[in-house]
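Labels below follow one simple rule: chain letters A, B, ... track the order of the sequence lines, proteins then strands, and each chain is numbered from 1.
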Amino acid sequence: EAAVTQSPRSKVAVTGGKVTLSCHQTNNHDYMYWYRQDTGHGLRLIHYSYVADSTEKGDIPDGYKASRPSQENFSLILELASLSQTAVYFCASSDRLGFYEQYFGPGTRLTVL
Amino acid sequence: QQKVQQSPESLTVSEGAMASLNCTFSDGTSNNFRWYRQHSAKGLEVLVSIFSDGEKEEGRFTAHLNRANLHVSLHIREPQPSDSAVYLCASNMGYKLTFGTGTSLLVDP
């Protein structure tokens, strides 16, 4: 069954530290996405990628980097974590053939202290 | 940039009564609209995708789209306590999804 998995599922980080969130998909999809979810803001797009070794900025990219080393894997990197980056992060994948229907992972709850 | 607003913020219904959720969007450029359900601390599950004006039914979930009024709704027939969750609507243009802020639904047994 097609799936998007994320690791870790939850993480506590210190301010100024580096955080890497990982996403793996077995959907054979071209597109992958990273979103953050905050209370009252719905989901907002941070970065996305439509091909391996290339990433694009979404609507709120500041403070985040992304890496797509292969079609299956997409990482989100916080080089200097800040309190304001406490949120739940979701990864998703999609392809053109399915009208870009996005399939979401279970989320990672990140707390920055 | 497309903006999506949902109402109400929260809704409580009795088991078996119809639940109705609303979504308005800022312009008519989107290709299609989707409704997602999010149970606490879990990922998003797509319920209905609707492309054309009118109605689209998926089991107990029915979406209505009216592009002229910039409005899409979701109706849940015979809701059950297991339907208690946050419901998100999203407008879709190509690869890009723009989400509303969600409606928290509680179904009382």
Side-chain angles (χ1 to χ4, degrees), chain A residues 1-10 23-25 27 29-51 54-60 74 87-111, chain B residues 1-11 21-27 29-52 56 58 61 63 65 72 74 85-105:
Chain A
E1 184 178 316
V4 179
T5 56
Q6 294 182 230
S7 62
R9 292 295 312 278
S10 67
C23 179
H24 180 80
Q25 56 108 350
N27 299 328
H29 286 167
D30 294 330
Y31 281 75
M32 294 187 76
Y33 311 80
W34 277 106
Y35 293 90
R36 66 177 279 172
Q37 185 177 34
D38 302 274
T39 304
H41 282 280
L43 274 75
R44 292 180 289 173
L45 182 64
I46 306 171
H47 284 288
Y48 68 99
S49 167
Y50 54 84
V51 67
S54 178
T55 64
E56 306 291 333
K57 293 180 180 179
D59 296 325
I60 53 163
F74 193 35
V88 179
Y89 292 85
F90 288 97
C91 177
S93 73
S94 74
D95 69 21
R96 295 177 190 83
L97 295 178
F99 294 99
Y100 297 98
E101 179 73 74
Q102 292 189 24
Y103 295 85
F104 286 81
T108 295
R109 182 172 295 277
L110 174 66
T111 302
Chain B
Q1 185 176 347
Q2 178 79 265
K3 291 190 185 340
V4 179
Q5 294 212 316
Q6 286 189 243
S7 63
E9 273 189 32
S10 62
L11 177 66
L21 291 66
N22 298 292
C23 192
T24 57
F25 39 99
S26 58
D27 63 63
T29 57
S30 298
N31 297 127
N32 59 72
F33 298 84
R34 305 182 196 271
W35 282 97
Y36 293 87
R37 180 170 65 184
Q38 183 181 22
H39 284 111
S40 180
K42 293 195 177 167
L44 278 67
E45 168 194 8
V46 62
L47 299 172
V48 184
S49 295
I50 186 164
F51 290 74
S52 305
K56 174 84 177 291
E58 297 283 359
F61 302 95
L65 174 61
V72 61
L74 179 70
V86 173
Y87 289 77
L88 295 161
C89 72
S91 71
N92 185 200
M93 171 68 87
Y95 71 88
K96 188 170 170 61
L97 278 177
T98 301
F99 284 89
T101 53
T103 292
S104 179
L105 175 66

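- Nearest heavy atom pair, residue S91(B) against residue F33(B), reads CB-CE2, 3.5 Å.
- Relative orientation of the F104(A) and Y35(A) rings is tilted, given thresholds of 30° and 60° on the angle between their planes.
- Contact of L88(B) with chain A is made through the side chain alone, with heavy-atom distances under 4.5 Å.
- For L47(B) against Y36(B), the heavy-atom pair with the smallest separation is CD1-C, 4.1 Å.
- Interface remark: D59(A) contributes side-chain atoms only to the contact with chain B (heavy atom separation under 4.5 Å).
- Pairing each heavy atom of P8(A) with each of T108(A), the nearest pair is O-OG1, 2.6 Å.
- With a 4.5 angstrom heavy-atom cutoff, L43(A) touches chain B via backbone and side-chain atoms both.
- For the set G102(B), A90(B), G94(B), the count of heavy-atom pairs under 4.5 angstrom toward chain A peaks at G94(B).
- When each of L97(B), V46(B), N32(B) is checked for heavy-atom pairs under 4.5 Å with chain A, L97(B) comes out on top.
- Taking Y50(A), F90(A), Y31(A) one by one and counting their heavy-atom pairs under 4.5 Å with chain B, the maximum is reached by F90(A).
- Summarising the geometry of Q6(A) relative to P106(A), their closest heavy-atom pair is OE1-N, 3.7 Å, with the distance given to 0.1 Å.
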